Amino acid sequence: MSTADRLSDALYGLGWSTVKKLPEPAAVRLGRAIADLTWKRRGKGVQRLESNYARVVPGATPERLAELSRAGMRSYLRYWMESFRLPAWSRERVRTGFDPKDIHHLTDGLASGRGVVLALPHMANYDLAGAWVTTKLETPFTTVAERLKPETLYDRFVAYREGLGMEVLPHSGGSAFGTLARRLRDGGLVCLVADRDLSASGVEVDFFGERTRMPAGPALLAQQTGALLLPVTLWYDDSPVMKGQVHSPIEVPESGTREEKTSVMTQALADAFATGIADHPEDWHMLQRLWLADLDPAKGPS
């Protein structure tokens with residue numbers, strides 16, 4: 001393990017061991033202070049966040065983009081502070097920590113026995129939403145995690161999410177799709193973060209007027225298993241309770257090839273994400289390149 005990897009692992013370990021012991025007001029203040037300091041330093045992540053927000057809020061002035069990026073960093077650090085503290089939250093705190101609209105789309109889908117795929121962008125705190133599902137709805141689910149370096153850091157994330165009641169599969173290895181399909185055919189729930197896939201297997205979509213690629217997995221799983229595909233968007237307001245929206249189901253087209261159906265469904269997913277992100281841009285934590293036009297390394301921060 002490299003020195004950088006050991007440092008990353010140690011810092012995350014410190015966060016999980018120390019921050020979760022702080023009183024909530026202290027954790028909130030700490031998160032905001034770290035966010036503001038990071039924002040003032042204007043590193044690559046903050047610059048990329050502003051560049052991405054410029055697509056979401058066309059015509060925004062530099063001052064408006066700076067305000068958004070500051071709010072975005074505060075939202076991002078709120079996510080981390082909550083995540084570090086989630087294992088210490090009581091079941092009641094988890095049950096009352098999330099207030100989603102139109103949850104009937106999910107509960108009705110599960111009651112039908114056909115299986116449900118929830119697809120989310122990188123908004124607010126999807127770990128809290130997942131903990132709410134396992135606690136409030138008493139429904140286990142399966143998700144996929146990208147392998148992080150160092151391996152010990154990945155192991156921390158897996159242990160953390162499994163501790164919240166999730167089954168976590170590694171993204172690499174090739175067996176995840178088959179396992180997800182089996183869970184859905186058994187009437188289970190699968191949750192996937194699905195707003196970025198710049199690999200060759202990603203599906204091209206129009207997103208805020210420009211082209212990018214998003215994962216094919218949610219659409220393919222719905223086609224192959226008959227599961228319901230539901231987009232979900234999340235956001236924060238001024239309260240301690242995270243808000244969310246379960247959007248209307250994305251239907252499988254009646255005609256077309258598998259690729260054509262996947263393209264149509266993934267575009268519908270992107271459109272639902274765009275609706276939620278446009279309403280709450282500061283809670284979309286996209287600190288990486290996303291649009292295909294930005295993939296030229298000469299064009300700025302990663």
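Keep in mind it's a predicted model, so treat the numbers as computed, not measured.
- Contacts classified as salt bridge (Lys or Arg N to Asp or Glu O under 4.0 Å) and involving residues 108-129 (residues at least two apart or in different chains) are given here: D127-R161.
- Residues satisfying the salt bridge (charged side-chain N to carboxylate O under 4.0 Å, His left out) test with E259, not counting sequence neighbours, are none.
- Residues satisfying the ring pair (Phe, Tyr, Trp, His ring centres under 6.0 Å) criterion with H285, sequence neighbours excluded, are Y76.
- K243 is listed as a side-chain neighbour of V241, based on a closest heavy-atom distance under 4.5 Å.
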Exercise for the section: Go through the steps to decide whether W284 and N52 satisfy the test side chain to side chain donor-acceptor pair (under 3.5 Å), and finish with yes or no. Expected result: CA-CA 10 Å; W284 185 46; N52 289 338; over 6 Å; no
Problem - CA sep, side-chain torsions, deciding dist, call: R182, T179, side chain to side chain donor-acceptor pair (under 3.5 Å) - result: CA-CA 5 Å; R182 286 194 295 275; T179 302; 3.1 Å; yes
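- Listed by first then second residue, pairs satisfying salt bridge (Lys or Arg N to Asp or Glu O under 4.0 Å) with a partner in residues 29-41 read D36-R70, D36-R74, not counting sequence neighbours.
- For the residue pair S69 / E50, a side-chain donor-acceptor distance below 3.5 Å is found, with atom types taken as modelled.
- Residues that satisfy the ring pair (Phe, Tyr, Trp, His ring centres under 6.0 Å) test with H280, not counting sequence neighbours, are W235.
- For residues 261-277, the set of pairs meeting the side-chain hydrogen bond (donor to acceptor under 3.5 Å, both in side chains) definition, not counting sequence neighbours, comprises Q223-T262, Q267-D271.
- In this structure, the side-chain contact (heavy atoms from CB on, under 4.5 Å) partners of P215, at least two apart in sequence or on a different chain, are A194, D197, P218.
- The two residues T134 and P140 make their nearest non-hydrogen contact at CG2-CA, 4.3 Å.
- L65 has its side chain out of reach of T61: every pair of non-hydrogen atoms, C-beta onward, lies at least 4.5 Å apart.
- Inter-residue side-chain proximity for S51 and W291 is flagged as unmet; no heavy-atom pair is nearer than 4.5 Å.
- Contacts of Y53 classified as ring pair (Phe, Tyr, Trp, His ring centres under 6.0 Å), with partners at least two apart in sequence or in another chain: none.
- The two residues L169 and A176 come nearest to each other via the heavy atoms CD1-O, 3.9 Å.
- Contact annotation: the side chain of L234 approaches that of L120 to within less than 4.5 Å [non-hydrogen atoms, C-beta and beyond].
- The side-chain hydrogen bond (donor to acceptor under 3.5 Å, both in side chains) contacts involving residues 81-90 comprise R78-E82, E82-N125, E82-Y236, where partners must be two or more places apart or lie in separate chains.
- Looking at V232 and H247, their side chains never come closer than 4.5 Å, going by heavy atoms from C-beta outward.
- E260 has its side chain out of reach of P253: every pair of non-hydrogen atoms, C-beta onward, lies at least 4.5 Å apart.
- A heavy-atom distance below 4.5 Å is found between the side chains of Q47 and R42.
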Below 3.5 Å, can you tabulate the donor-acceptor pairs from side chains in residues 201-208 to any protein atom, sequence neighbours excluded?
unit_1, atom_1, unit_2, atom_2, d
S201, OG, S199, OG, 2.9
E204, OE1, R211, NE, 3.2

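- Taking W39 as the reference, nothing meets the ring pair (Phe, Tyr, Trp, His ring centres under 6.0 Å) condition, with sequence neighbours excluded.
- Scanning for side-chain contact (heavy atoms from CB on, under 4.5 Å) contacts around P23 gives P25, A26, with sequence neighbours left out.
- A heavy-atom distance below 4.5 Å is not found between the side chains of V190 and T143.
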